[in-house]
Amino acid sequence: MLKDYESFLENLNRVQEQIDRAILAANRPEGSVRLLPVTKNHPVAASNFALRAGIPCVGENRVQEALGKIEEAKEGVRWELIGPLQSNKAKKAVESFWRIQSVDRPKILTALQKRAEDLDVKLRILLQINAGDDPNKSGAKVEDAEALLEYALEQDRLETEGLMTIAPLDRDPSVARSCFARLRECRDRLAERFDICLPELSMGMSGDMGEAILEGSTLVRVGTALYGDRKYK
Ligand SMILES: *Cc1c(COP(=O)(O)O)cnc(C)c1O
């Protein structure tokens, strides 16, 4: 973890430059890609740093770990869940997260809808798609995305804003790139099929954000490049 806020700002500037360069290379409008700092395995200071730099949203991949930090963090941080969710944690998740990006099966949709009804709230979600067909990654298969979205759209408490994917780890950058292209094509197909927008494409991390931006990412989830290696406390 970083020593201080100044080192965070240095890293943030470097990452932002990388994002801006990729946006230029992709011929996309300025500001069309947002950054989601990923604070998992880092102390709560990581989210406070982001907030102080004007970035309210941060990503966490475990519900339990996030809950502890949500208690401690400064007012105003918005928490996004980017890791696996079990339906028995759905209530906590709906109470605590601003958005859940890792929705990948009907059972979770049912559980989130029910909890959102109980709490009388609406919840933003993304559908996680395993666009790289990586056996080590969660996410619905591309072939199942249509049925999953159809079911998601029936849940009136859930606002489906787009899709999320994690590319397979591979030295060859073209592997990640084709995974991201596949997610974008899947989104375009679904948007047309259901006549909706699905604006958010959450794809790209420290190692592959350039490829993701070239393929249309609107949100890159970055941990290591902002906070250094993950060693908890
Ligand atoms: C950890 C994590 C990231 C960030 O990964 P880095 O390589 O540290 O940038 C992004 N997305 C998800 C889903 C993660 O679990």
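Whatever order the structure lists them in is the order used to number ligands and atoms, beginning at 1.
For NZ of Lys122, the number of neighbouring non-hydrogen atoms (other residues, nucleotides, ligands) closer than 6.0 Å is greater than 12. More than 12 non-hydrogen atoms from other residues, nucleotides or ligands lie less than 6.0 angstrom from CD of Glu143.
Against a heavy-atom cut-off of under 4.0 Å, Arg221 is close to the following atoms of ligand 1: 4 (C), 9 (O), 10 (C), 11 (N), 12 (C), 13 (C). In the vicinity of Val222, heavy-atom distances shorter than 4.0 Å reach the ligand 1 atoms 9 (O). Using a 4.0 Å cut-off to heavy atoms of Thr224, the atoms of ligand 1 that qualify are 6 (P), 7 (O), 8 (O), 9 (O). Within the listing of ligand 1, atoms 1 (C), 2 (C), 3 (C), 14 (C), 15 (O) sit less than 4.0 angstrom from a heavy atom of Lys40.
Residue, atom and distance of the protein heavy atom nearest to atom 9 (O) of ligand 1 are Ser206 OG, 2.5 Å. Of the protein's non-hydrogen atoms, the one nearest atom 10 (C) of ligand 1 is Met205 SD, 3.1 Å. For atom 12 (C) of ligand 1, the nearest non-hydrogen atom of the protein is Ile82 CD1, 3.5 Å.
Contact check for Thr160 versus Leu198: side-chain heavy atoms found under the 4.5 Å cut-off. Looking at heavy atoms from C-beta onward, Ser202 lies out of side-chain contact with Leu36 at the 4.5 angstrom threshold.
Using a 4.0 Å cut-off between charged side-chain N and carboxylate O, Arg99 and Glu200 make a salt bridge.
Taking only nitrogen or oxygen atoms, main chain and side chain alike, Ile166 does not reach within less than 3.5 Å of ligand 1.
Connection of Leu126 to Phe194 is not established within any shared hydrophobic cluster, with ILVMFWY side chains joined at heavy-atom distances below 4.5 Å, either directly or through further cluster members.
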